[in-house]
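Accompanying notes for the structure given below.
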Amino acid sequence: MIEIKKLLEKIQIIPRDCTLYLLETFPCGTGLFASNGKVLYLVPNNEGCMPLSIKTEYLWVETNIFVSAFNPSVSSFEDGYYNFIELQLSALNDVEANLNAFVNLCLAHATYTHGKDFMPFFDSLVSLFQLPREQQYKNLVGLMGELLLIEHVYQNYNEDLSPFWHTNGTSSRLDFTCPFANLEIKTTASDSLSFTIKHNQLFVDLKDNVLVAVRIEENNSGRTLEEVITRLLQDSQICNGMQFSINIEKEKRRISPSEISSKRFALRKISFYRAIDINPFVDVPDCVENLSYKLNLLSFPEITFNDVIRR
């Protein structure tokens, strides 16, 4: 893991002389550089991208730029044409959180796609850095529940749910779209089993839909979201996809940065319910739209994850 504070310190002391300074070498000829107080991700232009320059509030991309080593005898990089993405670092832009997200995703891009699909990767970064920063406790609880489910299912059933998590990004109708079932996760840090349900989301095409209730509690002996994420990403058997890394960074940006590393939660119980067993309105009139309500799950029958897999 790259220590962001130390990386930021290194960027700040590097001379501002328009020279590229290597910070970290990534796989497949890619790397992280600093120049004039900014951080850049360089990728060999093996895909033949035509010259292009785009700037957004946080990012600047240029393609097909010739880069030459100042001292070829000691350089880790060959002279050639590269594409780069530069992250704007400003005290007004939550520097550490932005740099951490940028570094994690650039490393994931180099590792999982071997530096390919450069422009789609840039597009995903633009989408990420334009997301609103909703620092709400419920986003922290919700993400914790989804990640604890991934961990629980792998540890107890040897199934990796991470490739099926938010497969359409933030527009995904249900949280997990698996080959065996679709899972909608509701997480609570209270004793209540009442959850807000959007009827059409869960009960349209409900045959393969499962509602998963994750109960957690704030507990000093528990783990922070940061610790759970680190545990998942360090396991070589699960959570190894590019899309999973993108989804993690998107969700983290909807949470207060301080709470990611300070709020501790312990898992109490995970319960599974077939949508067909808990549907309170079998027939909804055509004139009723966007039906939403509180549903208490206490009286409904639970199933096991083995039942979910066998569906």
Side-chain angles (χ1 to χ4, degrees), residues 108 111-112 139-169 172-193 195 197 201-203 205-219 221-252 264-279 295 297-311:
T111 303
Y112 299 132
N139 295 334
L140 170 65
V141 170
L143 181 56
M144 178 66 82
E146 292 171 12
L147 297 184
L148 288 176
L149 174 68
I150 292 175
E151 182 181 65
H152 170 81
V153 167
Y154 178 71
Q155 289 177 345
N156 292 277
Y157 302 95
N158 200 32
E159 290 280 346
D160 181 11
L161 295 182
S162 66
F164 314 117
W165 181 53
H166 293 191
T167 52
N168 292 321
S172 297
R173 188 163 72 91
L174 297 174
D175 294 316
F176 292 84
T177 306
C178 309
F180 45 83
N182 306 311
L183 311 179
E184 176 64 12
I185 317 306
K186 298 293 184 181
T187 307
T188 180
S190 71
D191 292 328
S192 173
L193 267 181
F195 299 98
I197 302 295
Q201 179 187 33
L202 187 61
F203 298 120
D205 302 324
L206 80 174
K207 179 182 177 183
D208 295 322
N209 293 350
V210 173
L211 180 64
V212 184
V214 180
R215 281 178 275 185
I216 61 178
E217 64 178 5
E218 279 199 58
N219 191 315
S221 64
R223 292 179 294 166
T224 65
L225 179 61
E226 183 176 58
E227 289 170 343
V228 173
I229 291 173
T230 299
R231 157 74 181 85
L232 291 174
L233 292 178
Q234 288 181 343
D235 192 320
S236 61
Q237 302 301 313
I238 58 172
C239 303
N240 291 322
M242 180 68 197
Q243 189 59 48
F244 181 81
S245 296
I246 291 174
N247 289 338
I248 283 289
E249 296 302 332
K250 283 183 178 180
E251 295 302 317
K252 282 168 59 180
R264 294 185 172 275
F265 296 91
L267 177 63
R268 294 174 59 194
K269 186 178 180 182
I270 297 178
S271 304
F272 299 87
Y273 304 86
R274 290 190 181 94
I276 198 169
D277 294 335
I278 63 174
N279 184 2
L295 182 64
L297 299 173
L298 192 59
S299 62
F300 291 108
E302 296 183 27
I303 61 174
T304 69
F305 188 74
N306 281 327
D307 296 323
V308 174
I309 297 175
R310 288 197 294 264
R311 291 176 61 78

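This is a predicted model, so every value here is computed, not measured.
- Using bins of under 30°, 30° to 60° and over 60° for the plane-to-plane angle, the ring pair W165/F244 lands in the tilted bin.
- For the atom pair L295 CG and L193 CG, the distance stands at 10.0 Å (nearest 0.5 Å).
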| query | What do the steps show when you test L267 against M144 for side-chain contact (heavy atoms from CB on, under 4.5 Å), and what is the final call? | reply | CA-CA 9 Å; L267 177 63; M144 178 66 82; over 6 Å; no
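- The two residues C239 and L233 make their nearest non-hydrogen contact at O-CD2, 4.0 Å.
- Annotation for T187 and E146: closest pair OG1-N, 4.4 Å, computed over non-hydrogen atoms.
- A heavy-atom distance below 4.5 Å is not found between the side chains of R264 and N219.
- The two atoms that bring R310 and D307 nearest to each other are NH2-OD1, 2.9 Å, heavy atoms only.
- With respect to N247, the side chain to side chain donor-acceptor pair (under 3.5 Å) criterion is satisfied by exactly one of E251, Q243, K250: Q243.
- Minimum heavy-atom separation, F300 to D277: CD2-O, 3.5 Å.
- Taking the charged nitrogens against the carboxylate oxygens, E217 and K269 have no contact shorter than 4.0 Å, which rules out a salt bridge.
- Distance check, rounded to the nearest 0.5 Å: CG of L161 to CG of D175 gives 11.5 Å.
- Between L297 atom CG and L211 atom CG the span is 5.5 Å, to the nearest 0.5 Å.
- In this structure, Q155 CD and L148 CG are separated by 9.5 Å, a value rounded to the nearest 0.5 Å.
- Taking CD1 of I309 as the reference point, atom CD1 of I303 lies at 10.5 Å (rounded to 0.5 Å).
- Residues F265 and T224 form no side-chain contact, since every pair of their non-hydrogen atoms from C-beta on lies 4.5 Å or further apart.
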| query | After noting the C-alpha distance and the side-chain angles of V212 and Y273, does the key distance pass the side-chain contact (heavy atoms from CB on, under 4.5 Å) rule? | reply | CA-CA 6 Å; V212 184; Y273 304 86; over 6 Å; no
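- Ring geometry, F305 versus F180: the interplanar angle exceeds 60°, so the pair is classed perpendicular (tilted spans 30 to 60°).
- Although no hydrogens or angles enter the test, the distance criterion places no donor-acceptor pair under 3.5 Å between the side chain of D235 and the main chain of R231.
- In this structure, E302 and S271 approach most closely via the heavy-atom pair OE1-OG, 3.4 Å.
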| Trace of the side chain to side chain donor-acceptor pair (under 3.5 Å) decision for N182 with N209 | CA-CA 5 Å; N182 306 311; N209 293 350; 3.1 Å; yes
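- The side chain to side chain contact (heavy atoms under 4.5 Å, CB included) test with V214 is passed by exactly one of I185, V141, L147: I185.
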| Test salt bridge (Lys or Arg N to Asp or Glu O under 4.0 Å) applied to R268 and D191, step by step | CA-CA 10 Å; R268 294 174 59 194; D191 292 328; 2.9 Å; yes
| query | Should F164 and F176 be marked as a ring-ring contact (aromatic ring centres under 6.0 Å, His included) after you check the CA-CA gap, both sets of side-chain angles, and the distance that decides it? | reply | CA-CA 5 Å; F164 314 117; F176 292 84; 8.4 Å; no
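- Atom-to-atom distance recorded for S192:OG and R215:CZ is 9.5 Å, nearest 0.5 angstrom.
- Classification of R173 and E184 as a salt-bridged pair fails, no side-chain N sitting under 4.0 Å from a carboxylate O.
- N306 and T304 are not linked by any side-chain donor-acceptor pair at a separation below 3.5 angstrom, with hydrogens and angles left out of the test.
- The minimum heavy-atom distance between C178 and L183, with the atom names listed, is SG-CD1, 4.3 Å.
- Checked for salt-bridge contact, E151 and R223 meet the test: a charged N lies under 4.0 Å from a carboxylate O.
- Side-chain contact, T188 with S190: a donor N or O sits under 3.5 Å from an acceptor N or O.
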